[in-house]
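One structure is given below, encoded as structure tokens.
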Amino acid sequence: MTIVTRFAPSPTGHLHVGNIRTALVNWLWARARGGRFLLRLDDTDAERSEERFAASIRADLAWLGLHPDEEHRQSARGAAYEARFAALVAAGRVYPAYESQQELELKRKVQLGRGLPPIYDRAALALTAADRARIEAEGVRPHWRFRLDHDAAIGWDDAVRGPQSLDPATMSDPVVRRADGGWLYMLPSAIDDIDLGVTHVVRGEDHVSNTALQLQMFAAMDAAPPAFAHLALLTGAEGKLSKRLGSLGVEHFREQGIEPAALLALLARLGTSDPVEPLDEAALVAGFAIERFGRAPARFDEAELAQLNARIVHQLPFDAVADRLPAGMDAAGWAAVRPNLHTVAE
Ligand code: GLU
């Protein structure tokens, strides 16, 4: 089987180190198996998505050497979403609901007050056609929910986390489309994975419960789901979730004189049982195995990155740095200074 992976950022900001790691693992998996690696821009949120961020995502991937084989964007796929949506509505798997945010908030408060989990009560499913007509005549537009099948637990064998099982009865029917017609991430993503032939999805463990919901969407659309691998989250060097990591991107690393190869070599091994080594792309691809990634949070330590960077600089051949050296410095000059440097800029 040819494998197809995808990296699916929303162009609402710059990539940070966690996104870069997700992109890298998707890229490695595709390259290691002779497959394809897609870039999918999740830009259904027209207000927050910006062209400058799409451009910065492409530029960052290019700097890292993670070249996508194809690029897709969700904003261009509206017709595909409409068709699947209509079929799901006709099949009764997607239904209109009319509660306002305030009403939903109130329902949640009441449930919590009674010690119940704040799950959507499916009141909209009890509406008759006449009820809906009356509500809509009052000018209320529906939003749309995917009706979960509560009959059986949702399970999959996660390539990182192992066997997973979630009870759909503990989850709200997810809203898939807003009253203004806008799409939420969940359904378009599953439709794209089907239409683009995605076979393997690597993403952060914050998506585990989304996967359960999306598995039911694949089934409702009669499609075989991709395999899933949810990576443990990155933490700061102290082992805590760190806000700073969310702001560390390519621009920062470049300013610090970090070589793309150093960042890739570190991120390819963080959270695995393999040692961090100054390996090049080919060696990282050859040594890649998703099973090596574990469930424990992975620590991202900038000091470790700086050390690895120095080891990589010490190996850089003259040709790789010639255009960054002072005028007149030749191969012998580079070979003489190289062992003392932490960064090329130095
Ligand atoms: N746009 C989603 C995100 O960045 C994609 C998640 C996924 O890989 O499906 O969280």
Side-chain angles (χ1 to χ4, degrees), residues 3-30 35-51 53-54 56-58 60-61 66 68-78 80-81 84 146 154 156 158-161 164 166 174-178 182-218 221 223 225-234 241 245-250 267 290 293:
I3 94 160
V4 179
T5 65
R6 88 300 195 273
F7 173 51
S10 299
T12 54
H14 298 286
L15 297 185
H16 56 70
V17 61
N19 305 136
I20 294 171
R21 176 170 179 246
T22 303
L24 171 64
V25 178
N26 276 291
W27 181 88
L28 283 170
W29 209 353
R36 285 182 302 134
F37 167 66
L38 316 184
L39 169 62
R40 184 184 87 201
L41 295 169
D42 284 3
D43 58 353
T44 53
D45 185 342
E47 254 158 53
R48 292 178 55 232
S49 299
E50 293 183 38
E51 217 33 60
F53 292 129
S56 115
I57 290 168
R58 287 187 202 103
D60 286 356
L61 292 177
L66 306 178
D69 298 304
E70 289 167 32
E71 179 182 313
H72 299 273
R73 43 196 321 161
Q74 294 195 318
S75 56
R77 290 189 30 80
Y81 306 153
R84 298 273 192 182
F146 177 77
I154 307 170
W156 73 96
D158 195 279
V160 170
R161 299 166 60 84
Q164 303 291 297
L166 281 93
V175 176
V176 294
R177 196 170 192 181
R178 290 193 302 255
W183 300 102
L184 285 136
Y185 146 80
M186 204 82 69
L187 181 62
S189 176
I191 296 172
D192 291 338
D193 288 338
I194 296 170
D195 291 353
L196 306 178
V198 170
T199 61
H200 293 65
V201 170
V202 180
R203 53 191 184 185
E205 68 182 8
D206 49 325
H207 281 288
V208 164
S209 60
N210 290 344
T211 296
L213 303 174
Q214 288 176 326
L215 282 170
Q216 286 214 351
M217 294 180 187
F218 287 109
M221 293 186 278
F228 285 93
H230 292 90
L231 297 177
L233 297 183
L234 285 187
L241 285 180
L245 289 185
S247 65
L248 293 185
V250 161
L267 292 178
I290 194 75
F293 287 83

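Counting starts at 1 for both ligands and their atoms, following the listed order. Any value given below was found using the heavy atoms of this structure, including those in side chains, with hydrogens, waters and symmetry copies removed.
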Test ring-ring contact (aromatic ring centres under 6.0 Å, His included), reference His200, set Trp29, Trp27, Phe228, Phe37, output is Trp29
Residue set satisfying side-chain hydrogen bond (donor to acceptor under 3.5 Å, both in side chains) with Asn19, at least two apart, ordered chain then number -> His16
Residue set satisfying side-chain hydrogen bond (donor to acceptor under 3.5 Å, both in side chains) with Asp60, at least two apart, ordered chain then number -> none
The side-chain hydrogen bond (donor to acceptor under 3.5 Å, both in side chains) partners of Arg73 (sequence neighbours excluded) come to Asp43, Glu51
Test Arg84 against Asp195 for salt bridge (Lys or Arg N to Asp or Glu O under 4.0 Å), laying out the working first.
CA-CA 11 Å; Arg84 298 273 192 182; Asp195 291 353; 3.0 Å; yes
Less than 4.0 Å from some atom of ligand 1, heavy atoms are found in residues Arg6, Ala8, Ser10, Asp42, Tyr185, Ser189, Arg203, His207
One should read off an interatomic distance between Glu50 CD and Asp45 CG, to the nearest 0.5 angstrom, of 10.5 Å
